[in-house]
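What follows is a short report on a single structure.
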Amino acid sequence: MTLIIIFAAMLVLVFFGIPILLSIASVSLAGAMIIPGLVPALVPQKAFAMLDSFSLLALPYFILAGAIMTRGGLSAGLIEFSQSLVGHIRGSLGHTAVVSCTAMANISGSSTAEAAAVGSVIIPAMKERGYKPGLAAAIVAAASTIGPIIPPSMTMIVYGSITGVSIGGLFMAGVVPGIMIATLLMVVIYALSYLPSNAALRVTQPRSSLKQIYRETLRVWPALLAPVVIMGGILSGVFTATEAGVVACVYSLLVSMIWYRKLKWKDIPSVVVDAAVTTAMVAGVLGMAGVLGWLLSYLDFNDTVLAALKGVTDSSLLMLVLLTIIMLILTMILDGLAVVVVMVPTIVYVGSAFHIDPLQLGIIMVMITQIGGLTPPVAILLFITTSIAKIPFAQGVHAVWPLLGVIVLVMVSIMLIPEIATWLPHQVIGGN
């Protein structure tokens, strides 16, 4: 009964517009005050314990690296490079958005950062070309989901730090699914160009010559080299996934200041402040969600859920389907990162009991958080892109469904064929 009250209270607070951080904090503090055997003083202790993790140190560094690269003109350069590669294909700017987000995923690790950075440049260009604003917003929102799937990924760092699953393994597990999503999104955009109502998608630019592609490649090669530096260092053992965040910061600073020369010393304080604000928001959610997770663990939530689900099925595949449905519902109405921190310990506990590969489960959980970013009522990615497009939120929701179907299709494929996610990490680093 106590568990039901906790979840009901949190949902009511969220429904009335209370920020997720305050909702979780209020419920956790009330629980610590009311539940026998607990005291409010445990709340800050458990919040600190949640954040006192070496793995989580990577978060502020990757956030800062993304902020430096964005301010340093990287996003605009990658968009121009992507346009030179795919601008001649039907759905020209739509493909450009997908390729740009895929390239930026190797740096930012955040879908919201990609939606804002790529969307602010390409959505106005789409509208000028005659693209329906809702479709333009939907394309960028869907493409930005690739950010946390292709490494590095902030969500994977959080997942790995909580569960003990290799962060490097999770990074490798996201490569193939991320490429699949990018490819299928481009297929859907190409197919949409044949609809009579999407005449703007049939407008293309002349095919770029090899000389033009070479020139654009020269402009952005340091950005394209970033994943080689980061993942190469992790896989070769030169530095850990946490230390990779520091390397990414130094690399992005050098590229932005020396190669692009768009980031000046006077810009650094504002970049650091922006990154610090983002880090504080993320850390606040992580800390309070950690408190709620501890509270649920104290109330034997893991065993309660496992017992309930075991009464439904003993099939590992059906169990994975049930866990996916539960997480999908939660991420539709709550912040995805908070859901991961609160629910993943339970999800992994149940998954382990049913012998589900932790890398397979991890990449599915990451994809679910991105699906939640596209599905109402929260749909934070669509909220960002429709705000940039200056259109009602409903227009983006109306246009996003075929693109959302791509991500769901890839997720279902991983559920049925785990090797899509697990083969590469098992081959490269031996799994966990």
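Just the heavy atoms: all of them, side chains too, but no hydrogens, waters or symmetry mates, feed the values below. Please read these numbers as outputs of a predicted model, since none were measured by experiment.
In this structure a side-chain-to-backbone donor-acceptor pair under 3.5 Å is missing from Arg90 to Ile189. Glu80 places no side-chain N or O within donor-acceptor distance of the main-chain N or O of Arg219, the cut-off being under 3.5 Å. At distances below 3.5 Å, at least one donor-acceptor pair connects side-chain atoms of Ser387 with backbone N or O atoms of Phe383. A donor-acceptor pair is defined here as one N or O able to donate and one able to accept, closer than 3.5 Å; such a pair exists between the side chain of Gln212 and the backbone of Ser209. In this structure, the side chain of Ser92 does not engage the main chain of Thr204 through any donor-acceptor pair within 3.5 Å. A donor-acceptor distance shorter than 3.5 angstrom exists from the side chain of Thr331 to the backbone of Leu328, with no hydrogens or angles considered. Remark: the backbone N or O of Ser208 is not paired with any side-chain donor or acceptor of Lys211 at under 3.5 angstrom. Between the side chain of Thr369 and the backbone N or O of Val366, at least one donor-acceptor pair lies under 3.5 Å. The backbone N or O of Ile414 sits less than 3.5 Å from a side-chain atom of Gln360, completing a donor-acceptor pair. Formation of a donor-acceptor pair under 3.5 Å by the Ser23 side chain with backbone atoms of Pro19 is found in this model.
To the nearest 0.5 Å, atoms OG (Ser144) and CD1 (Ile384) are separated by 7.5 Å. In this structure, Leu263 CG and Ile258 CD1 are separated by 11.0 Å, a value rounded to the nearest 0.5 Å. The OG1 atom of Thr375 sits 12.0 Å away from the CD1 atom of Ile380 when rounded to the nearest 0.5 Å. Taking CD1 of Ile63 as the start and CE of Met154 as the end, the distance is 5.0 Å to the nearest 0.5 Å. Here Met411 contributes atom CE and Thr324 contributes atom OG1; the two are 5.5 Å apart, rounded to the nearest 0.5 Å. Distance check: Ile326 CD1 to Met343 CE gives 6.5 Å after rounding to the nearest 0.5 Å.
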Using side-chain contact (heavy atoms from CB on, under 4.5 Å), reason through Leu85 and His95 one step at a time and then give a plain yes or no. CA-CA 9 Å; Leu85 291 180; His95 300 314; over 6 Å; no
Apply side-chain contact (heavy atoms from CB on, under 4.5 Å) to the pair Val348 and Tyr159, showing each step before the final yes or no. CA-CA 10 Å; Val348 171; Tyr159 183 95; 3.4 Å; yes
Apply side-chain contact (heavy atoms from CB on, under 4.5 Å) to Ile363 and Leu359, showing your working. CA-CA 6 Å; Ile363 196 64; Leu359 291 176; over 6 Å; no
Derivation of the side-chain contact (heavy atoms from CB on, under 4.5 Å) call for Val140 and Ile388: CA-CA 11 Å; Val140 175; Ile388 294 172; over 6 Å; no
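Put simply, the side chain of Leu225 reaches to within 4.5 Å of the side chain of Tyr251, judged on heavy atoms. Cys101 is listed as a side-chain neighbour of Glu114, based on a closest heavy-atom distance under 4.5 Å. Met327 is not listed as a side-chain neighbour of Ile364, based on a closest heavy-atom distance of 4.5 Å or more. Side chains of Leu135 and Leu201 form a contact here, defined as non-hydrogen atoms less than 4.5 Å apart. Ile162 has its side chain within reach of Met50: a pair of non-hydrogen atoms, C-beta onward, lies under 4.5 Å apart. A 4.5 Å side-chain heavy-atom check between Ile18 and Ser26 finds every atom pair outside the cut-off. Met365 is not listed as a side-chain neighbour of Val340, based on a closest heavy-atom distance of 4.5 Å or more. Between Ile6 and Met10, every side-chain heavy-atom pair lies at or beyond the 4.5 Å cut-off.
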When the side chains of residues 272-286 are checked against the rest of the protein, which donor-acceptor pairs come out under 3.5 Å, sequence neighbours left out?
| residue | atom | partner | partner atom | Å |
| --- | --- | --- | --- | --- |
| Asp274 | OD2 | Arg71 | NH2 | 3.0 |
| Thr278 | OG1 | Asp274 | O | 3.1 |
| Thr279 | OG1 | Ala275 | O | 2.8 |

Just list the side-chain donor-acceptor pairs under 3.5 Å for residues 393-410, sequence neighbours left out, or say none.
| residue | atom | partner | partner atom | Å |
| --- | --- | --- | --- | --- |
| Trp401 | NE1 | Val397 | O | 3.0 |

Show me the donor-acceptor pairs, under 3.5 Å and distance only, between side chains in residues 115-128 and residues at least two apart or in other chains.
| residue | atom | partner | partner atom | Å |
| --- | --- | --- | --- | --- |
| Ser120 | OG | Ala116 | O | 3.0 |
| Ser120 | OG | Ala117 | O | 3.0 |
| Lys127 | NZ | Ala389 | O | 2.7 |

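Closest of all the heavy-atom pairs between Leu322 and Val312 is CD1-CG1, 3.8 Å. The minimum heavy-atom distance linking Ser161 with Leu56 is given by the pair OG-CD2, 3.4 Å. Closest of all the heavy-atom pairs between Leu323 and Leu309 is CD2-CD1, 3.8 Å. Here the closest non-hydrogen pair linking Leu382 and Ala141 is CD2-CB, 3.8 Å. Between Ala136 and Tyr131, the closest heavy-atom pair is CB-CB, 4.5 Å. Summarising the geometry of Phe239 relative to Ile230, their closest heavy-atom pair is CE1-O, 3.5 Å, with the distance given to 0.1 Å.
Defined by atom type and a distance below 3.5 Å, a donor-acceptor pair is present between the side-chain atoms of Asn302 and Thr346. Side-chain N/O atoms of Ser315 and Thr313 include no donor and acceptor closer than 3.5 Å.
Ring geometry for Phe7 against Phe301 counts as tilted: the plane angle lies between 30° and 60°, on a 0 to 90° scale.
Environment of CG in Leu210: sparse, with no more than 12 heavy atoms of neighbouring residues, nucleotides or ligands closer than 6.0 Å. Within a 6.0 Å sphere centred on CZ of Arg207, heavy atoms belonging to other residues, nucleotides or ligands number 12 at most. Summarising the local packing, CG of Asp314 is surrounded by 12 or fewer heavy atoms from other residues, nucleotides or ligands at distances under 6.0 Å.
Considering His88, Gln205, Glu216 in turn, Gln205 is the only one that fulfils the side chain to side chain donor-acceptor pair (under 3.5 Å) rule with Gln83. Across Leu253, Leu59, Val271, Val246, a single residue satisfies side-chain contact (heavy atoms from CB on, under 4.5 Å) together with Leu64, and that is Val271.
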